[in-house]
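Have a look at the structure below, then the notes.
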Protein chains: 2
Amino acid sequence: MAEVKGKTNKTPVEETVGSYMTPIRDTLEIFSGKWKIPIITALFFNGTCGFKDLERVVVGITPKMLSKELKDLEMNLLIDRTVEDTRSVTIRYSITEYGKTAKSVISELHSWGVKHRKKVFDIDDSTVMESCDTDEKDL
Amino acid sequence: MAEVKGKTNKTPVEETVGSYMTPIRDTLEIFSGKWKIPIITALFFNGTCGFKDLERVVVGITPKMLSKELKDLEMNLLIDRTVEDTRSVTIRYSITEYGKTAKSVISELHSWGVKHRKKVFDIDDSTVMESCDTDEKDL
DNA sequence: CATGGTGCTATACTTTAGTATACCGCTATA
DNA sequence: TATAGCGGTATACTAAAGTATAGCACCATG
């Protein structure tokens, strides 16, 4: 029960949990940052988009960031970039089938966030709770 | 079907989705960064800890970061900082009951991350899948 | 009364994320 | 043949996140 002096019975997270943290870091790396989820959401809601479409739809993003984030998302197999070889080449961005699995993550982030707002900002949440639980939309 | 020239039928994310993004940003703000989840996980696995305990257990963190992150997590009601007024004052950090709701988020980040690693790195995952599905530990 | 543990804070620095602004080649249209 | 849209890149900057290192007041133990 008593601790040996200077040492602890606490076990280092990395050691104990081993590979537990790594996939979490992966996921966070993919979804965190200011623009990734807005872009994914835009493609979910609007379907296939061109570059300029996304620039308009993801309000406030600069072309540099958009370009970079699209590359990242493509590398992670979440979106597709297809070149249609029409006259005046058209480029189309869309979510992959695999990308659609991101839905579970995003909706968990969303629903926890909703509850958190209630916890932090609301005083009495008993009346609002039912409208919260049914809050999940298509995405 | 045809687009009006120069304009798009695409709808801006912020407008369409309205308040959809805000809680997602909240959640990401709370859980992203290099140390928040390791700290939470440490408290989940080890129970109540002191500051130096956490410094040892969350391998690599500096006292400055630890101090800052603990304040953030406390502000967000996820952890408790209690001062035990023993001789030689003891300080104990622990997860709040509310903080335990973070489990759903963290385990979603984890399980998606596991699947993602398989998708990206593995060639054939049929043999490893069963050890994956039972991979969820207590947290 | 030194040594070492606890719970931090302070200062200075580097690295990463994001912004601002300009510009480019190509094509389609008036 | 000018104008405007498309799909971006280039350069320079600011701000936020994280690191490195030192130190301090308090207490307990030998």
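The distance from the CD atom of B:Glu69 to the OG1 atom of B:Thr62 is 9.5 Å, given to the nearest 0.5 Å.
The NZ-C1' distance, from B:Lys52 to D:dC24, rounds to 11 Å in whole Å. In this structure, B:Lys36 atom NZ and D:dA17 atom C1' are separated by 10 Å, rounded to whole Å. Between the P atom of D:dC6 and the CG atom of A:Leu70 lies a distance of 15 Å, rounded to the nearest Å. Separating the NZ atom of B:Lys68 from the P atom of C:dT9 is a distance of 13 Å, rounded to the nearest angstrom. Rounded to an integer number of Å, the gap from CG of A:Asp85 to C1' of C:dT27 is 13 Å. Taking atom CG on A:Leu54 and atom P on D:dC6, their separation rounds to 12 Å, with Å as the unit. Here the P atom of nucleotide D:dT11 and the NZ atom of A:Lys64 are 11 Å apart, to the nearest Å. Summarising the geometry, the separation between CG on B:Leu66 and C1' on D:dA20 is reported as 16 Å, rounded to the nearest angstrom.
Here B:Tyr93 reaches the OP1 or OP2 of C:dC8: one of its side-chain N or O atoms lies under 4.0 Å away. Phosphate contact (OP1/OP2 of D:dT9, side-chain N/O of A:Lys71, threshold under 4.0 Å): present.
Positionally, the nearest nucleotide of DNA chain C for A:Gly33 lies more toward the 5' end than for the other of A:Gly33 and A:Pro63. Mapping A:Trp35 and B:Phe51 onto DNA chain C via the closest heavy atom, the residue that lands nearer the 5' end is B:Phe51. Mapping A:Ser67 and B:Lys34 onto DNA chain D by nearest heavy atom places A:Ser67 closer to the 5' end of the strand.
Side chains of B:Ile95 and B:Leu78 form no contact here, defined as non-hydrogen atoms less than 4.5 Å apart.
Residue B:Arg56 places its side chain closer to C:dT6 than to any other of C:dT6, C:dG7, C:dT19. With D:dG7, D:dT9, C:dA28 as the choices, the nucleotide that has an atom nearest any side-chain atom of A:Arg81 turns out to be D:dG7. Of the candidates D:dG7, D:dA28, D:dA20, D:dA20 carries the atom nearest the B:Thr62 side chain, counting heavy atoms from C-beta on.
Using cut-offs of 30° and 60° on the angle between ring planes, the pair B:Phe51 and B:Tyr93 is tilted.
Closest approach of B:Lys36 and B:Glu29 over heavy atoms only: NZ-O, 3.6 Å.
A cation-pi geometry, defined here as NZ or CZ lying under 6.0 Å from the six-membered ring centre and within 45° of its normal, holds between B:Lys119 and A:Tyr98.
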